[in-house]
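First listed ligand is number 1; within each ligand, the first listed atom is number 1.
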Amino acid sequence: MGNAVKTIGVLTSGGDAPGMNAAVRAVVRTAISLGVRVKGIKKGYNGLLNEEIIDLNSRDVSETLQRGGTILYTARCEEFKTEEGQKRGAEVCRKYGIDGLVVIGGDGSFNGAKKLAERGINAIGIPGTIDLDIACTDYTIGFDTAVNTAMSAIDRIRDTSNSHERCSIVEVMGRNAGYIALWCGIANGAEDILIPENFDGNLPRLEQKIIDSIIANRQKGKTHHLVVNAEGIGNSYSMARRIEDATGVETRATILGHMQRGGSPTAVDRMHASMMGAYAVELLCKGKTQRVVAYRNGTYVDYDIMEALEMQKEIDPFMLRVSRMMAR
Ligand code: ADP
Ligand code: F6P
């Protein structure tokens, strides 16, 4: 039986993530090996609307497996949230003969994929975000690289913090999701981990808890104090100033920022990206649409996009408990 699609489009959308190139490469090479043509759509849905579309063959994705960022560029596109934008997006797909689309990104990008699917373009989502905040999957491409980058940076900060017997506040990425902060908190041995999932909006109370824990730890003989703060909970610099004033302990804040989103992907990211890219193409070739590829309980599976978007993800309470016990 022939493939259900003849030409697959692939785009990366939302924040970039290490391993996106490995996923694009897997899409291209799987499609070509199944006799399907591939077109790269640059700059996410923006590039679709602006018709920034290129042919991709096997050689075009050579030497990309190990590269961070995305060779297709990425963007956020407000226009695509409108019906007009979505209608035009589907028209552009048809104009270029794209009858199947792979969207590599987060929940927002999957919403866009769903809109195109409703307009007759078979679409599959692949989870690509450093935030690990897509509920249907245990893994999102980019997380392992980002968390290792942040962990290495925090190790270095910890060295100097220790030497000066200081308190360090290190701000990691994750405006709406605390996974990088929680993993680093455990992997770097933080005394306090601040994550949006646990934040009730009362910053003075949160800071007072940190102040109390610094004072208690000094009395226990701890000579340094590490706070890992997920982006978005207060301002780390002013938090540091207030903590220093209240405790008398020299306190410095470091914002790791976008360095966490760059760099060569780890083996974990290359592996998941390659598997998910190939899986997405096979789904399209079987005539599937409106699906999200996921890694669940050690195996690759797929979910209906709507079902996936409605799932909720909660921070593992055991991880939280462990992080607290390790900080004693
Ligand atoms: P992520 O995919 O990482 O969650 P965003 O939420 O920024 O990132 O979404 C990326 C892009 O996906 C948006 O800029 C927009 O073009 C598209 N998008 C997001 N939400 C929708 C929606 N409800 N309908 C159509 N397109 C959407
Ligand atoms: O991609 C996810 C993410 O890195 C979040 O952790 C962060 O809050 C956001 O993107 C930052 O986005 P921007 O690229 O707009 O600074």
Side-chain angles (χ1 to χ4, degrees), residues 11-20 23 41-50 52 68-70 72-90 92-93 101-119 121 123-137 140-147 149-150 170-184 194-197 199 228-234 236 255-263 265 269 290 292-293 305-306 308-311 313:
L11 61 82
T12 50
S13 168
D16 67 341
M20 279 185 164
I41 300 162
K42 292 184 168 180
K43 306 177 194 172
Y45 296 115
N46 249 324
L48 178 64
L49 298 185
N50 295 330
E52 295 188 60
T70 160
L72 289 177
Y73 301 91
T74 185
R76 296 186 169 103
C77 175
E78 280 308 306
E79 192 185 346
F80 200 72
K81 292 183 180 170
T82 67
E83 274 201 28
E84 197 42 49
Q86 292 152 17
K87 183 165 165 262
R88 177 149 163 69
V92 173
C93 284
L101 182 69
V102 178
V103 171
I104 307 165
D107 281 342
S109 306
F110 297 163
N111 267 303
K114 182 177 181 301
K115 300 291 186 208
L116 284 172
E118 284 165 358
R119 292 179 183 276
I121 309 300
I124 307 288
I126 292 181
T129 166
I130 64 165
D131 288 348
L132 197 68
D133 62 345
I134 298 178
C136 71
T137 181
T140 63
I141 296 166
F143 176 74
D144 188 63
T145 308
V147 83
T149 301
V170 185
E171 186 174 307
V172 298
M173 272 188 153
R175 200 172 299 150
N176 304 309
Y179 292 97
I180 296 177
L182 183 57
W183 277 58
C184 284
L194 316 184
I195 57 174
E197 291 85 345
F199 183 48
V228 177
N229 182 21
E231 171 194 1
I233 300 190
S236 294
I255 297 176
L256 296 185
H258 290 85
M259 58 106 65
Q260 293 160 94
R261 273 211 325 231
D269 276 318
Q290 293 204 43
V292 174
V293 179
I305 289 189
M306 242 3 258
L309 289 172
E310 278 163 8
M311 289 182 190
K313 188 165 189 169

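Below 4.0 Å from some heavy atom of Tyr45 lie the following atoms of ligand 1, by number and element: 12 (O), 16 (O), 17 (C). Interface of Gly112 with ligand 1, defined as ligand atoms under 4.0 Å from a residue heavy atom, comprises 25 (C), 26 (N), 27 (C). The contact set between ligand 2 and Glu231, taken as ligand atoms under 4.0 Å from a residue heavy atom, comprises 6 (O), 7 (C), 8 (O). Close contacts of ligand 2 with Gly174, meaning ligand atoms under 4.0 Å from a residue heavy atom, involve 6 (O). Listed by atom number, the atoms of ligand 2 under 4.0 Å from Gly15 heavy atoms are 1 (O). Atoms of ligand 2 found under 4.0 Å from any heavy atom of Met173, numbered from 1 in the order shown, are 4 (O), 6 (O).
Asp131 contributes no side-chain N or O that, together with a main-chain N or O of Tyr179, makes up a donor-acceptor pair within less than 3.5 Å. Under a 3.5 Å cut-off, the side chain of Thr137 and the backbone N or O of Thr140 do not form any donor-acceptor pair.
Assignment of Thr129 to the shell around ligand 1 is not supported, since no heavy atom sits closer than 4.0 Å. Note on ligand 2: Arg76 sits in its first shell, one or more heavy atoms being nearer than 4.0 Å.
Here the heavy atom of the protein found nearest to atom 16 (O) of ligand 2 is His258 NE2, 2.8 Å. Looking only at protein heavy atoms, the nearest one to atom 22 (C) of ligand 1 is Asn111 CB, 3.5 Å. Looking only at heavy atoms of the protein, atom 11 (C) of ligand 1 is closest to Ser13 OG, 3.6 Å. The protein heavy-atom contact nearest to atom 5 (C) of ligand 2 is Asp131 OD2, 3.3 Å. In terms of protein heavy-atom proximity, atom 1 (O) of ligand 2 is nearest to Arg261 NH1, 3.4 Å. Protein heavy atom in closest approach to atom 7 (O) of ligand 1: Arg76 NE, 3.1 Å.
Residues Ile141 and Pro127 are not in side-chain contact: their nearest non-hydrogen atoms beyond the backbone lie 4.5 Å or more apart. Ile134 is listed as a side-chain neighbour of Asp107, based on a closest heavy-atom distance under 4.5 Å. Side chains of Gln290 and Met306 form no contact here, defined as non-hydrogen atoms less than 4.5 Å apart.
The line from OG1 of Thr74 to CE of Met20 is 5.5 Å long, rounded to the nearest 0.5 Å. Within the model, atoms CG of Leu49 and CD of Gln86 stand 9.5 Å from one another, a figure rounded to the nearest 0.5 Å. Remark: Ile130 CD1 to Ile180 CD1 distance equals 4.0 Å, nearest 0.5 Å. Atom OG in Ser13 sits 10.5 Å away from atom CG in Leu48 (nearest 0.5 Å).
Within a 6.0 Å sphere centred on OH of Tyr73, heavy atoms belonging to other residues, nucleotides or ligands number 12 at most.
At a threshold of 4.0 Å, the pair Asp16-Arg261 counts as salt-bridged, since one of the basic side-chain nitrogens sits closer than that to a carboxylate oxygen.
Contact annotation for Asn176 and ligand 2: no heavy atom of the residue comes within less than 4.0 Å of the ligand. At a 4.0 Å heavy-atom cut-off, ligand 1 touches Phe80 through backbone and side chain alike. With a heavy-atom cut-off of 4.0 Å, Gln86 touches ligand 1 through its side chain alone.
If you check each of Gly15, Gly85, Gly106, Gly108 against atom 12 (O) of ligand 1, the one with the closest non-hydrogen atom is Gly108. Nearest-residue assignment for atom 2 (O) of ligand 1 (options Ala17, Cys77, Ser109, Gly14; heavy-atom criterion): Ser109.
Cation-pi geometry between Lys115 and Tyr45 is not met: the NZ or CZ atom fails to fall both under 6.0 Å from the ring centre and inside 45° of the normal.
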